[in-house]
> 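Before anything else, here's the structure in question.
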2 protein chains.
Amino acid sequence: MLESIALGMLLEKDLTGYDIKKFIENGIGVFYKASFGSLYPALKRLTEKGYLTTRDKPQGSRKKIFYHITEEGRNQFFHWLSSPMDIFEGTNTHLAKVYFFDHLEAEIRSQQLLEYEINNRNYLKKLRELEKGFTELDNKECFYYKLSTLYYGICITEETIRWCRHIRMQKPLTDLLERER
Amino acid sequence: MLESIALGMLLEKDLTGYDIKKFIENGIGVFYKASFGSLYPALKRLTEKGYLTTRDKPQGSRKKIFYHITEEGRNQFFHWLSSPMDIFEGTNTHLAKVYFFDHLEAEIRSQQLLEYEINNRNYLKKLRELEKGFTELDNKECFYYKLSTLYYGICITEETIRWCRHIRMQKPLTDLLERER
DNA sequence: ATGACCATGTAATTGGTTACATGATTTA
DNA sequence: TAAATCATGTAACCAATTACATGGTCAT
């Protein structure tokens with residue numbers, strides 16, 4: 001996963017490990033996190049496999065290693081990019097918790113759900129600010145899909161908030177599916 | 001995570017490791033998977049920590065170990081259950097892929113997205129069937145929250161399908177947020 | 001000169017996975 | 001009697017995390 005993402009970040013220009021981390025944070029940080037502890041070894045592996053080459057460009061006495069994607073690296077990346085997309089299979093800690101909420105005291109339960117709703121509202125605010133920054137640009141066609149992931153985040157977060165409010169108030173579950181709003 | 005879930009499954013009655021796996025599959029299998037390779041060691045750890053006790057009840061010559069949750073186990077579980085819920089921090093492979101779709105040939109891209117939409121539709125069908133099975137029961141109040149996770153799955157999957165169709169047709173992204181439908 | 005940021009890396013640990021190994025019981 | 005399911009477990013592996021370790025550069 002991280003290997004593919006690192007390759008993707010190097011498609012357009014050579015970057016250092018530190019840069020790649022930044023690109024990941026700013027680009028897909030909303031739904032993907034990488035730590036140096038996993039990134040640097042990943043870059044090493046990619047280099048060993050021949051998907052990347054390195055160029056040392058120390059600046060003053062500061063170490064700096066630029067990574068460059070090779071032709072095989074590109075192929076590998078596009079192979080990953082073209083591989084089938086199954087439905088989301090990840091695990092969701094929060095849902096696992098809610099599953100057991102019938103056993104929890106009503107007070108703690110509603111406090112938990114309220115907190116969750118608030119966290120999601122704050123998150124949504126953050127996403128909306130990111131969106132605002134983008135809508136002001138004019139060459140949006142060039143990164144329609146990049147932007148689409150941000151919109152996915154917004155839609156899903158809004159839906160999560162709706163769900164949260166609904167079950168916090170213990171409204172009938174079937175009502176959740178009839179949305180006019 | 002798995003340790004907490006295993007404790008939760010043992011709240012009501014003693015179960016074997018095999019049973020717990022079944023309970024996980026039927027209960028939260030929709031958003032959480034566990035393998036024997038992680039479950040059995042987890043049960044061992046929980047026993048070592050004093051959260052579980054074991055009772056061997058071989059049936060015929062078939063080995064069978066029932067796990068029983070202790071008072072400390074219960075405390076531990078409720079501690080987890082009451083711990084704060086941050087927003088979803090997990091990583092989503094699919095979004096990571098879509099992020100790079102601007103680089104992909106239009107044909108493969110739309111094929112990928114269509115496939116993803118179809119997978120989600122099938123998944124939604126499955127969830128709706130599960131839901132049907134539950135709505136026929138009468139004591140729904142007893143597991144409102146258990147059921148709520150299923151409804152969350154349905155809502156999010158519907159939203160994912162809506163998003164998918166929208167970006168497949170390359171409609172303006174801002175339209176995604178104005179929903180009358 | 002202090003703190004924020006740039007920059008690379010390792011070590012210990014976590015929390016899983018898949019594949020393997022074994023064998024009993026039930027059902028078609 | 002064969003296949004499916006019940007039942008427990010280990011070993012090799014994987015992909016990540018957190019914490020640690022080191023040191024340079026830039027702005028205040």
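Only heavy atoms go into these numbers, but all of them, side chains included; no hydrogens, no water, no symmetry mates. By convention in this document, chain letters (A, B, ...) are assigned in the order of the sequence lines, proteins followed by strands, and residues within each chain are numbered from 1.
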> Tell me the interatomic distance from A:Gln59, atom CD, to C:dC6, atom C1', rounded to whole angstroms.
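It works out to 10 Å between those atoms.
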
> Send over the distance from A:Leu39 CG to D:dT18 P, rounded to a whole Å.
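Whole-Å distance recorded here is 14 Å.
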
> How do A:Ser61 and A:Ala34 order along DNA chain D: which one's closest nucleotide is nearer the 5' end?
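With A:Ser61 and A:Ala34 compared, the 5'-side residue is A:Ala34.
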
> For the backbone of A:Phe78 and the side chain of A:Ser82, can you confirm whether one donor and one acceptor N or O come within less than 3.5 Å of each other?
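A pair under 3.5 Å: yes.
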
> Take atom CD of B:Glu25 and atom P of D:dT5, then tell me their distance rounded to the nearest Å.
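Distance check: B:Glu25 CD to D:dT5 P gives 12 Å.
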
> What nucleic acid atoms does A:Gly37 come within less than 4.0 Å of, heavy atoms only: base, sugar-phosphate, or nothing?
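A:Gly37: base contact, heavy atoms under 4.0 Å.
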
> Under the salt bridge (charged side-chain N to carboxylate O under 4.0 Å, His left out) definition, can you give me all pairs with a residue in residues 14-32 of chain B, not counting sequence neighbours?
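Counting only pairs at least two positions apart or across chains, the salt bridge (charged side-chain N to carboxylate O under 4.0 Å, His left out) contacts touching residues 14-32 of chain B are B:Lys21-B:Glu25.
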
> Hey, is the side chain of A:Ser35 poking within less than 4.0 Å of OP1 or OP2 on D:dT17, counting only N and O atoms?
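Yes, A:Ser35 has a side-chain N/O under 4.0 Å of OP1/OP2 on D:dT17.
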
> Is there a side-chain contact between A:Tyr40 and the phosphate of C:dG9, meaning an N or O under 4.0 Å from OP1 or OP2?
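Result: no.
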
> Could you give the CD1-to-C1' distance, from A:Ile65 to C:dA7, as a whole number of Å?
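For the pair A:Ile65 CD1 and C:dA7 C1', the rounded distance is 9 Å.
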
> Send over the distance from B:Glu3 CD to C:dG15 C1', rounded to a whole Å.
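These atoms are roughly 9 Å apart.
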
> Heavy-atom nearest nucleotide on DNA chain D for A:Arg45 versus A:Gly60: which residue maps closer to 5'?
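Going by which nucleotide is closer to the 5' end, it is A:Arg45.
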
> Indicate, with a heavy-atom threshold strictly under 4.0 Å, whether B:Lys22 touches base, sugar-phosphate, or nothing.
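Sugar-phosphate, no base atom in range.
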
> Establish, with yes or no, whether the OP1 or OP2 oxygen of C:dA7 is under 4.0 angstrom from a side-chain nitrogen or oxygen of A:Arg62.
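Looking at the OP1 and OP2 atoms of C:dA7, one of them is under 4.0 Å from a side-chain N or O of A:Arg62.
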
> Does the gap between the ring centers of B:Tyr144 and A:Phe101 come in under 6.0 Å?
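Not under 6.0 Å, so no.
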
> When you measure from the side-chain N and O atoms of B:Lys63 to the phosphate of D:dA7, is any distance below 4.0 Å, counting only OP1 and OP2?
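No, no such contact exists.
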
> When you check the phosphate oxygens OP1 and OP2 of C:dG15, does a side-chain N or O of B:Tyr32 lie under 4.0 Å from one of them?
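For C:dG15, OP1/OP2 do not have a side-chain N/O of B:Tyr32 under 4.0 Å.
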
> When you check the gap from the basic side-chain N to the acidic O, do B:Glu48 and B:Lys44 get nearer than 4.0 Å?
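Looking at B:Glu48 and B:Lys44, the cut-off is not met.
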
> In whole angstrom, what separates A:Phe36's CZ from C:dC5's C1'?
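My rounded result for the distance is 10 Å.
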
> Ring centres under 6.0 Å, that's the criterion: do B:Phe100 and A:Phe77 meet it?
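Judged by ring-centre distance (under 6.0 Å), B:Phe100 and A:Phe77 do meet the cut-off.
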
> Please confirm whether the shortest side-chain N or O distance from B:Ser38 to OP1 or OP2 of C:dG15 is below 4.0 Å.
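Answer is no, no contact under 4.0 Å.
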
> Below 4.0 angstrom from OP1 or OP2 of C:dT10, is there any side-chain N or O of A:Lys44?
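Checking A:Lys44 against C:dT10: at least one side-chain N or O falls below 4.0 Å of OP1 or OP2.
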
> Over how many whole Å does the gap from B:Tyr18 atom OH to C:dT26 atom P extend?
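After rounding, the gap between these two atoms is 13 Å.
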
> Taking CD1 from A:Ile5 and P from D:dA15, how many angstroms apart are they, rounded to a whole number?
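The answer, rounded to whole Å, is 13 Å.
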
